[in-house]
Novice: 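Dropping a structure here in structure tokens format, bear with me for questions.
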Number of protein chains: 2
Amino acid sequence: MVTIKDVAAHAGVAFKTVSRVVNNDPTVKPKNREKVLKAIEELGYRPNRAAQMTRRKKSGVVGFIADELLRVPYTFDLIRGAQDLAWKHNKELMVLNVNVDKYSVEGAVNHLFEHRAEGIIYAAMYHREVTLPAQFSEVPTVLANCYDSSNDYPSIVPDEKEAAREITTSMLRKGYKRIAFLNLNENIIAAKLRKQGVEQAFADAGVSPDNLIIESVIVGDENEERSVTRKRAAELIKNFKPDAILCGQDPMAVEVYFVVQALGLQVGKDIGIGSFDDWDIIPSLVQPGLTTMALPHYEMGQWAFNYLLEERTDKVKESARFTLVSRQSF
Amino acid sequence: MVTIKDVAAHAGVAFKTVSRVVNNDPTVKPKNREKVLKAIEELGYRPNRAAQMTRRKKSGVVGFIADELLRVPYTFDLIRGAQDLAWKHNKELMVLNVNVDKYSVEGAVNHLFEHRAEGIIYAAMYHREVTLPAQFSEVPTVLANCYDSSNDYPSIVPDEKEAAREITTSMLRKGYKRIAFLNLNENIIAAKLRKQGVEQAFADAGVSPDNLIIESVIVGDENEERSVTRKRAAELIKNFKPDAILCGQDPMAVEVYFVVQALGLQVGKDIGIGSFDDWDIIPSLVQPGLTTMALPHYEMGQWAFNYLLEERTDKVKESARFTLVSRQSF
DNA sequence: ACCCAAATAAACAACGTTGTCTTTTTGTAA
DNA sequence: TTACAAAAAGACAACGTTGTTTATTTGGGT
């Protein structure tokens, strides 16, 4: 590979001058600068990042530990949010996908330490509490889409309660009067908070809680559990007769669409449906399009990266707002 | 940060001895090795990768350029396939998400050159032809999920024809006799090849092509185009009266499910449905589960990385087999 | 005890950069 | 012209490693 000295020889200057040109040092005469740039061009010189790092004693590397993250598609926006900013600031985002079976978190952190990462973003697949190994205390760390039990790290999580309040309020404002909320399993923090938000919206609007029913459904990948969702939804519609159904996540909403259609009803006309996540193409795949609260993953990724960039040290617990994506389902 | 010299001082040996221990050089007396390991442990020493790289003149970095990749969730398996192998061989997979609006491919390649990447995997979001800038010729490059017009680079793509042949044959073997294939737009290479595969299966089975109808549907994100799919599917069912429908991608299949249900038919009973992709949770979200040909993204990622690892130079055009994921839709 | 080869450890240079200090060149005022 | 400060360029060390060469220690055979 061509080095700074090759360029210097080719341009007929001292190698330090080349370094100056590369680093935009203004104390280089225009004529020399031109010669050097020409030589760089001709030889196809590119600075060696590893050598720069050793000398500068700065790595420019920020680690991104994705805790099982990549099994849910839209969470990738977390990475994009961080990556876009990293690129803009000429930093390296080193993404490590940790997976209990294969790479331990410890392994990932070691890896990052060897690269002298200047900060670490630890992101979880779904909003939850995590416990980090002690190693993390050696380097600035931010949690995204999760928070730690001991309050040792700053974190940013989606504002579940506000999202639930917002979508419910939106439903009530549109004239829906009787809402069934098919919530996720309530031992998930998101479900707990959303329940509060929905109730809050009813209270704010002065609508009697008699017109609200909240049920938790355990959602998993297996077909049994999926059919449970359908059965519950069918029962709810029959017994509670809601004019709108709010679902804990978009895949649940798809199932409700099928149930509604099977009952001969039309989504968005006979019954409103709303949901959470904005999961990949799902909301635009169904017809009519599903109105859903989009998770603020991109923003969380950006916020996390920015926290590190600004070298903040406050242990803030930030929350990020969902965005209401209106389609035609209510 | 603690350096190799700090460890040496703490252990009372020359710093070169520490280096030897770190690199598993056998010519270190057990007693010294122990002393050094103890010192490493106590000081929390971690080798500086940047310094190693400068001295060794090897980066251990493999670049992964994801061309708009990350907008389709399952394509992430391409990265996982490469990443898992990278980890195993103690290499760094540097993932760069290129996006026409933001980072040019050239920018990404420059970046990788600065890191002295030893190879580059260029992966596309969907199976297609690409044209790479000349820069790539400076470093070993493999294409994944795409191929280049000029045959300058080795590539691996999904074996579309074989996949189509396989799933069609599977349908025919299960007794379906009259199949409608809702293909993707035929200017997509995948669609062209799959059509051949489907026809081949009919020929192999000795079934008259009168029992096969193939239509292309342009699929996009917009609602109009989606409704086109539904209309076409409804017409096909009414006019051609197929006993099975093969769809060009899972999202299309979901729409067909809705159409089928609206017509009062039952998927898997009154009509079989098959598809391509194994797109995220979609196939297991619908009921009955959708039988689909899973794209071999993970394998392609592995193959591509392995090609670079083995320092191959042959310009092979490899193809990877889909996997039939049987659920209950046919 | 002594020699000598083999085993081990140390010393020193090198990797490709940037930081610091010194030297040379340039331009201006006398 | 000469003097002299400012600007520019160069020389050299340093970053934290590993490769290579040189020095020391070890141990077995006399």
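Chain letters run A, B, ... following the sequence lines, proteins first, then strands; residues in each count from 1.
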Novice: Once rounded to the nearest 0.5 Å, what's the spacing between atom CG of B:L93 and atom CG of B:L308?
Specialist: 10.0 Å
Novice: Which whole-number value in Å describes the distance from A:K29 NZ to C:dT26 C1'?
Specialist: 7 Å
Novice: Determine, for nucleotides 11-18 of chain D in 5'-to-3' order, which nucleotides have protein heavy atoms under 4.0 Å from the base (write B), from only the sugar-phosphate (write S), or from neither (write -).
Specialist: BBBBBBBB
Novice: Would you check if the side chain of B:R116 reaches a backbone N or O of B:F113 as a donor-acceptor pair within less than 3.5 Å?
Specialist: yes
Novice: Donor-acceptor check, side chain of B:Y307 to backbone of B:D314, threshold 3.5 angstrom: yes or no?
Specialist: yes
Novice: Within the side chain of A:S319, is there an N or O that forms a donor-acceptor pair under 3.5 Å with the backbone of A:V157?
Specialist: no
Novice: Taking the six-membered ring for Trp, are B:F76 and A:F76 parallel (under 30°), tilted (30 to 60°) or perpendicular (over 60°)?
Specialist: tilted
